[in-house]
Number of protein chains: 2
Amino acid sequence: MEKQAVTIYDVAREAGVSMATVSRVVNGNTNVRSETKEKVESVIEQLNYRPNAVARGLASRRSTTVGIVIPDVTNVYFSELSRGIDDVARMYNYQIILANSEEKNAAEVVESLLSKQVDGILYMGNIIDDRLRDQLEKSNVPVVLSGSVDVENQNPSVNIDYISAVQEITDKLIVSGHKKISFVSGPLDQTINTEFKLKGYKNALKNTGIKFDESLIFAGEYEYQSGYQLGDEIRQSGATASVVVDDEMAAGVLNFMTDNGVKIPEDFEVVTVNNSHITLLTRPQLSSVIQPIYDIGAVSMRMLTKLMNNEELETPEILLAHGYVKRESTKN
Amino acid sequence: MEKQAVTIYDVAREAGVSMATVSRVVNGNTNVRSETKEKVESVIEQLNYRPNAVARGLASRRSTTVGIVIPDVTNVYFSELSRGIDDVARMYNYQIILANSEEKNAAEVVESLLSKQVDGILYMGNIIDDRLRDQLEKSNVPVVLSGSVDVENQNPSVNIDYISAVQEITDKLIVSGHKKISFVSGPLDQTINTEFKLKGYKNALKNTGIKFDESLIFAGEYEYQSGYQLGDEIRQSGATASVVVDDEMAAGVLNFMTDNGVKIPEDFEVVTVNNSHITLLTRPQLSSVIQPIYDIGAVSMRMLTKLMNNEELETPEILLAHGYVKRESTKN
DNA sequence: CTGTTAGCGCGTTCAA
DNA sequence: TTGAACGCGCTAACAG
């Protein structure tokens with residue numbers, strides 16, 4: 001049971017000083033004579049002393065831990081985001097508690113993060129209901145949304161301008177002559193779909209005088225299989241192109257088409273928006289909006305460190321630049 | 001700064017009992033009269049009391065937290081593993097601290113997990129050097145290897161029988177008439193490659209009297225790009241088939257071939273071993289060893305819970321059953 | 001069945 | 001520049 005072999009007291013005794021002094025050198029307090037500091041450090045080394053982060057957290061009321069809420073680690077978009085987060089967290093010496101929320105039990109997950117006394121929360125995911133919002137609010141810990149939006153946005157966030165991004169790629173398809181462009185969405189209870197990506201799609205239509213057609217909207221899960229299954233409906237809808245909100249779904253749509261003899265991009269065009277490395281795997285390769293996914297994660301974590309440090313944020317809602325890369329699934 | 005709004009004392013006072021009693025109901029101790037229990041519970045509800053896990057951890061010397069060491073969340077193999085781990089961890093009410101090791105700074109990462117007083121460690125990754133082994137050993141916290149091997153294996157682990165699995169698929173290629181079969185490996189300083197997968201490959205050759213040819217062994221990183229780059233060398237080696245140890249690499253090899261006019265499986269066959277959903281994305285789809293990835297994660301976490309509970313393990317080294325699925329990248 | 005009392009390991013005043 | 005003493009919020013004997 002004696003996990004904690006050596007404590008701060010052991011070091012103090014061995015070094016012939018008080019624990020307060022040991023605490024000072026461990027925490028880089030300058031008010032220590034360099035001789036005693038060296039002495040203490042050598043004892044620390046020799047005893048292989050490792051400060052107990054739990055005790056430290058209790059005493060200092062800071063856990064140097066942040067909670068990451070992620071809908072699904074298995075989805076490349078989120079896992080790449082988390083890489084950016086992780087790297088910056090490490091840089092600032094924060095530990096990470098990662099919790100899969102599956103968009104459902106987010107509240108429960110956040111609850112347990114809070115009980116762990118996390119110093120901040122990085123939230124990915126697009127379903128933020130009132131209960132969750134309330135919970136976050138009264139928790140008093142800073143929250144940053146990473147690659148995720150909330151219409152009622154009280155919280156700082158880092159994203160790209162989804163509306164413009166989707167609008168631009170839809171435009172390209174329109175310019176290529178398409179009249180019936182399907183929009184392949186994730187769950188329609190997520191505002192990132194309804195209020196942002198779909199809106200971009202609608203904007204493009206409106207600007208070019210194409211009438212919005214509800215029957216060209218398809219909703220599924222952010223998974224390959226889901227896109228593949230939707231493929232048949234999409235084809236039967238008479239659409240000649242698809243704007244897809246997730247790379248894995250897009251791969252599904254694309255593969256369904258080619259598997260069924262529909263030539264891409266000659267007979268059907270597909271664009272996606274995440275530009276994860278999935279886009280390179282398919283044949284033909286997927287044209288995509290370019291998102292700085294890693295950076296979104298990194299920047300959001302950096303914001304969180306500032307918040308946890310009680311620094312002011314110049315801009316609470318950051319939109320990073322996006323782009324477009326034409327590959328083989330579109331003509332332009 | 002007053003993160004912790006309400007403490008166990010507040011509840012005790014409000015409910016007119018001692019904090020010990022509150023502690024009992026919170027921890028499900030049965031020795032509490034049901035009336036007082038209800039009273040306490042209602043106060044807890046009313047005050048929105050949430051136990052401080054840090055304080056609890058300090059007092060009980062159990063953090064109900066496990067550390068997960070993962071080489072790269074971005075790799076589907078590992079992220080699917082972590083799903084299995086996560087689900088079981090949640091089932092047993094353990095929190096998870098996830099740390100990207102990148103196979104390099106594993107020791108450093110483990111160090112910080114230990115300082116967080118994790119109750120156990122689930123280790124993924126295949127480079128375990130002496131320092132790390134030493135560190136784990138003297139830490140006294142239970143460790144389970146998940147989808148990872150260690151030749152000097154002191155630690156419990158959950159895997160499939162990589163030797164047999166690779167041997168079997170290599171056999172299939174040999175039966176199909178191939179004489180020059182390339183082996184596309186991850187880093188050769190990882191024993192999972194040298195001592196297991198490569199060994200399976202060699203076994204198959206030996207059993208059928210084919211001479212081992214060093215020039216047919218290719219090593220890269222577990223990434224799509226790496227496989228794609230290796231593609232050219234593989235083609236020039238005169239090999240007519242590839243056994244690849246990672247799905248993303250396999251996708252790279254396959255795409256390189258088709259991109260360069262090599263017909264698969266007619267002119268070249270490719271088999272991979274992880275059967276992640278990547279295998280479905282490529283065209284042709286990848287034949288693969290079937291690994292119960294999710295289960296490997298789940299079972300290893302289950303083992304860890306037993307260990308943390310001081311239960312005995314019947315079998316410290318579990319090998320889950322594997323299989324094979326023929327898709328389109330092979331003839332058999 | 002319930003309350004009292006020690007700590008858990010460390011940060012942090014406040015004196016010296 | 002250092003040390004003594006208190007407390008962070010909770011668990012765990014030990015009494016009663």
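Here is the naming used below: chain letters follow the sequence lines, and residue numbers restart at 1 for every chain.
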Just by distance, no angles: are the side chains of B:Y222 and B:Q190 close enough, under 3.5 Å, to form a donor-acceptor pair?
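Yes, a side-chain donor-acceptor pair sits under 3.5 Å.
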
Hydrogens and angles aside, do B:S112 and A:Q95 bring a side-chain donor and acceptor to less than 3.5 Å of each other?
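A donor-acceptor contact under 3.5 Å links the two side chains.
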
Return a single string for nucleotides 11-16 of chain C, one symbol per nucleotide in 5' to 3' order, where B is base contact, S is sugar-phosphate-only contact and - is none, cutoff 4.0 angstrom on heavy atoms.
BBB---

Counting only heavy atoms not in B:E311, do more than 12 sit closer than 6.0 Å to its CD atom?
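Result for CD/B:E311: enclosed.
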
Whole angstrom is fine here: how far is it from [atom1] in [X] over to [atom2] in [N]?
X: A:R33; N: D:dG3; atom1: CZ; atom2: C1'; value: 14 Å
X: A:L114; N: D:dG9; atom1: CG; atom2: C1'; value: 16 Å
X: B:K39; N: C:dG3; atom1: NZ; atom2: P; value: 13 Å
X: A:N31; N: D:dG3; atom1: CG; atom2: P; value: 13 Å
X: A:D10; N: C:dG9; atom1: CG; atom2: P; value: 9 Å

Do A:D119 and A:V141 have side chains that approach each other closer than 4.5 Å (heavy atoms only, starting at C-beta)?
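They are not in contact (no side-chain heavy atoms under 4.5 Å apart), so the answer is no.
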
With a 4.0 Å cutoff (strictly under), does any side-chain N or O of [X] reach OP1 or OP2 of [N]?
X: B:N52; N: D:dC10; answer: no
X: A:T7; N: C:dG9; answer: no
X: B:R61; N: D:dT11; answer: no

Taking all atoms of both residues into account, what is the closest heavy-atom pair of B:L320 and B:V158, and its distance?
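The answer is CD2-CG1, 4.0 Å.
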
Take the C1' atoms of the five end pairs on each side of the helix from C:dC1-D:dG16 to C:dA16-D:dT1, get both axes, and report the angle to 10 degrees.
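Computed angle between terminal axes is 30°.
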
In plain terms, say whether [X] and [Y] are close enough for a salt bridge, that is, a side-chain N and a carboxylate O under 4.0 Å apart.
X: A:R13; Y: A:D10; value: yes
X: B:K306; Y: B:E314; value: yes
X: A:R133; Y: A:D129; value: no

Mind jotting down which residue pairs meet the salt bridge (charged side-chain N to carboxylate O under 4.0 Å, His left out) criterion with at least one end in residues 70-80 of chain B? Sequence neighbours excluded, please.
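Qualifying pairs, neighbours excluded: A:R83-B:D72.
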
Under 4.0 angstrom, heavy atoms only, what part of the nucleic acid is B:V54 near: base, sugar-phosphate, or nothing?
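Since no nucleic acid heavy atom lies under 4.0 Å of B:V54, the category is nothing.
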
Select from B:S34 and B:L58 the residue whose nearest nucleotide in DNA chain C is closer to the 5' end of that strand.
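So the residue in question is B:S34.
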
